Amino acid sequence: MIAFSVLLITILFLGACSGSDVANEETNDSSSNGGDGEGITLRVMDWSDSTRPIREEFHKQFMEKYPQVTNIEYTTLTQDQFRDTILAAVRSGEAPDLFPPPLGFKLPALVEDGWFQPLDPYVEEGFYDIFSEGLLAEGATMINGEVYAIPMDVPQMGTAVFYNKELFKKAGLDPEQPPKTYAEFREYARKITEAGNGEFYGMIEGGRQTNRWAYTARDWSAINGSGLSTASPVSLMTGEAPYHTDAVLDVFDLFAGLADDGSIHPQTSGLSAPEARQLFANGEAGFIIQGAWNIGLWNKENPELDYGVTAPPLPEGERNGSMNLTVTPGLGISANTEHPEEAALYLQEFYGGGFFQEEAVKQDFNFSVVDGISEEYASGKMLEFYEIYSEYAVLAPDPSSKPKATKVFSEYTDVSPNVGEILQAVAITGLRDYEPMLQELSKKTDAALTKAIEDAKANGEDVSIDDFTFSDWDPMSHHNQE
């Protein structure tokens, strides 16, 4: 444990140092469109770096239509950087006009803390009718029937497997037969690494971002039956933390094997997700685990890249669950903005203006939250991804849909090191004594949730672990949130 602590501190220190450089040069991109010191400036912040070119064109069109807005300051960050930056901005009273809640934070708690204001007084009547069913959900985007935020995209499957077909050929692998099991994935990665002889490797990851490791551990274990999701720190089926179970341990064993084989790109520890995406496009790795947002960037910036997309592998080739996705809040209006009317106009044009949503799908960046657009415009690799998404991902139960459960999340304190931090250490620092650490993580997570429930009860909430358990839910199917 002492050795791991030293390694983890080293990782975080190196990540912080390299993160400052990347933030200034790439991931902390900030742009101003127009503006000469007159008129209104809207400040927008999120982590949607892949759709930045479309967003900048949207900003130009928006300011032409609404000339009272002469400047839009748009900042994109990695998700880890966004969390730290927005927390500091809100605390200092410098929050942007429009921004999403950080991942892992519950909208009801943020509204209670004064982060956001309801959209209803500012948007046009009928605006909400354009969205796909289920995306304006109580506890996720709505509180007591009032909408506070709009999802930026449909719940994302961010851990599909992209693979380089050219490197498959060089390693003697069939580019039309991607791996289906953990054993095959490890074997393919090893063969690609051997064929590369130091020029390319089996896989690459945005290894500096702990959230990327956490997503893989959560999603890949979920399709093996762990019950993990973004909605709860414990299994949605059992109400207990499953980090010590085979579903999670199998994922850790796989990545320990990949690291032992030398199949993980040696630069992984210092890379952000966008940097890893580019090195994959440069032909330096056979696999990368990311989402559909890569497709449009590669098709535009690396048209020579011959790649495929496939579902995550399975331990024995047999599914026991699904990727348990939940609605994320998306863009909301700051409670302290001086320009709520203009911010609402931004939302109406962003979603219903006839440009951004359509272009994001046509240019293969995102699936749209606006009803019918994805079905009309998705094609090629985007359509392939959508078919995998439709088969492997479900809308899972969300305890936040129960108001009394949201009070528990306000009391809950995350356990550290978390599953992402532990998997990061396994993949890039050689940690192998991870089983007792995962057992401890399960115990501490259960204890933290129990304490949060007891604290909520002490404050008058009639809540129990039953509010976090959905034992009658079939994890192969969408959950009826009603």
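Positions are given from 1 along the sequence. Everything numeric in this text was worked out from a predicted model, so none of it was measured.
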*Note, Phe280 side chain near Leu167 side chain (heavy atom, < 4.5 Å)*: no
*Separation of Gln290 CD from Thr216 OG1 (nearest 0.5 Å)*: 9.5 Å
_Interatomic distance, Asp84 atom CG to Leu77 atom CG [nearest 0.5 angstrom]_ = 9.5 Å
*Verify the neighbour count for atom CD of Glu318: are there more than 12 heavy atoms of other residues, nucleotides or ligands below 6.0 Å?*
no
*So do the side chains of Leu314 and Lys180 get within less than 4.5 Å of each other, counting heavy atoms only?*
no
*For side-chain contact (heavy atoms from CB on, under 4.5 Å), just list the numbers for Glu421 and Asn418, CA-CA rounded to whole Å, side-chain angles, deciding distance to a tenth of an Å, and then say yes or no.*
CA-CA 5 Å; Glu421 291 166 339; Asn418 61 38; 3.4 Å; yes
*Please round to the nearest 0.5 Å and tell me the distance separating atom CG of Leu258 and atom CD of Glu205.*
11.5 Å
_ring pair (Phe, Tyr, Trp, His ring centres under 6.0 Å) against Phe131, all qualifying residues, sequence neighbours excluded_ = Phe127, Tyr351
*asked:* Within the structure provided, determine whether Glu440 and Tyr243 are in side-chain contact (heavy-atom separation under 4.5 Å).
replied: no
*In sequence, state the C-alpha distance, the side-chain angles, and the governing distance for Ile86 and Met45, and then conclude on side-chain contact (heavy atoms from CB on, under 4.5 Å).*
CA-CA 8 Å; Ile86 202 66; Met45 182 183 296; 4.0 Å; yes
*Which pair of heavy atoms, one from Ala217 and one from Leu423, lies closest together, and at what distance?*
CB-CD2, 4.1 Å
_Run the side-chain hydrogen bond (donor to acceptor under 3.5 Å, both in side chains) test on Ser390 and Glu387 for me, step by step, so that the C-alpha distance in whole Å, both residues' side-chain angles and the decisive distance to 0.1 Å come before the verdict._
CA-CA 5 Å; Ser390 299; Glu387 291 170 350; over 6 Å; no
*Closest approach of Pro274 and Asp49, non-hydrogen atoms and distance?*
CG-OD2, 3.7 Å
*Contacts of type side chain to side chain contact (heavy atoms under 4.5 Å, CB included), residue Gln79, not counting sequence neighbours*: Trp47, Leu103, Asn211, Tyr215
*asked:* Any side-chain to backbone donor/acceptor pair from Thr51 onto Ile54? Under 3.5 Å, distance only.
replied: no
*Under 30°, 30 to 60°, or over 60°: which ring-plane class applies to Tyr346 and Phe58, parallel, tilted or perpendicular?*
perpendicular
*For residues 161-175, pull every pair meeting side-chain hydrogen bond (donor to acceptor under 3.5 Å, both in side chains), keeping only residues two or more places apart or in separate chains.*
Lys165-Glu176
*For Met237 and Ser226, which heavy atoms make the closest approach, and how far apart are they?*
CE-C, 4.4 Å
*Report yes if some heavy atom in the side chain of Leu135 is under 4.5 Å from a heavy atom in the side chain of Thr141; otherwise report no.*
no
*Closest contact, heavy atoms only, Pro312 versus Ile223*: CB-CD1, 3.8 Å
*With sequence neighbours excluded, tell me which residues meet side chain to side chain donor-acceptor pair (under 3.5 Å) with Ser442.*
His244
_Taking the ring centre of each residue, are Phe287 and Phe168 less than 6.0 Å apart?_
yes
*With a 4.5 Å heavy-atom cut-off, do Leu254 and Arg186 have their side chains touching?*
yes
*asked:* If you apply the rule side-chain contact (heavy atoms from CB on, under 4.5 Å), what do you find for Ile150 with Leu331, and how did you get there?
replied: CA-CA 5 Å; Ile150 306 291; Leu331 287 173; 5.5 Å; no
Under 3.5 Å, which donor-acceptor pairs do the side chains of residues 356-370 form with other protein atoms, sequence neighbours left out?
| residue | atom | partner | partner atom | Å |
| --- | --- | --- | --- | --- |
| Gln357 | OE1 | Ser368 | OG | 2.8 |
| Gln357 | NE2 | Phe350 | O | 3.1 |
| Glu358 | OE1 | Phe355 | N | 3.3 |
| Glu359 | OE1 | Gln363 | NE2 | 2.7 |
| Glu359 | OE2 | Lys362 | NZ | 3.1 |
| Asp364 | OD2 | Asn299 | ND2 | 3.1 |
| Asn366 | OD1 | Gln156 | NE2 | 3.4 |
| Ser368 | OG | Val370 | N | 3.0 |

*Just say parallel, tilted or perpendicular for the rings of Tyr434 and Phe252, cut-offs at 30° and 60°.*
tilted
*Please say whether more than 12 non-hydrogen atoms of neighbouring residues, nucleotides or ligands are located less than 6.0 Å from CD in Glu316.*
no
*Can any side-chain N or O of Trp220 pair as donor or acceptor with the backbone N or O of Asn224 at less than 3.5 Å?*
no
*Between atom CG of Asp414 and atom NZ of Lys444, what is the distance when rounded to the nearest 0.5 Å?*
13.0 Å
_side chain to side chain contact (heavy atoms under 4.5 Å, CB included) partner of Leu107, chosen from Phe409, Trp115, Phe116_ = Phe116
_Stepwise side-chain contact (heavy atoms from CB on, under 4.5 Å) test for Phe468 and Ile465_ = CA-CA 5 Å; Phe468 297 81; Ile465 192 62; 4.2 Å; yes
*Atom pair CE (Met152) and CG (Asp46), whose distance is rounded to the nearest 0.5 Å*: 5.0 Å
*To the nearest 0.5 angstrom, please state how far the OH atom of Tyr182 sits from the CG atom of Asp253.*
9.5 Å
*Please work out whether the ring planes of Tyr307 and Trp298 are parallel, tilted or perpendicular, with thresholds of 30° and 60°.*
perpendicular
*asked:* Could you report the tightest heavy-atom contact between Trp293 and Gly158, atom names first, then the distance?
replied: CH2-CA, 3.6 Å
*Looking only at non-hydrogen atoms, find the nearest pair between Leu136 and Ala149 and report the distance.*
CD2-O, 4.4 Å
*Tell me, please, which residues at least two apart from Thr238 pass side chain to side chain contact (heavy atoms under 4.5 Å, CB included).*
Ser235, Glu240
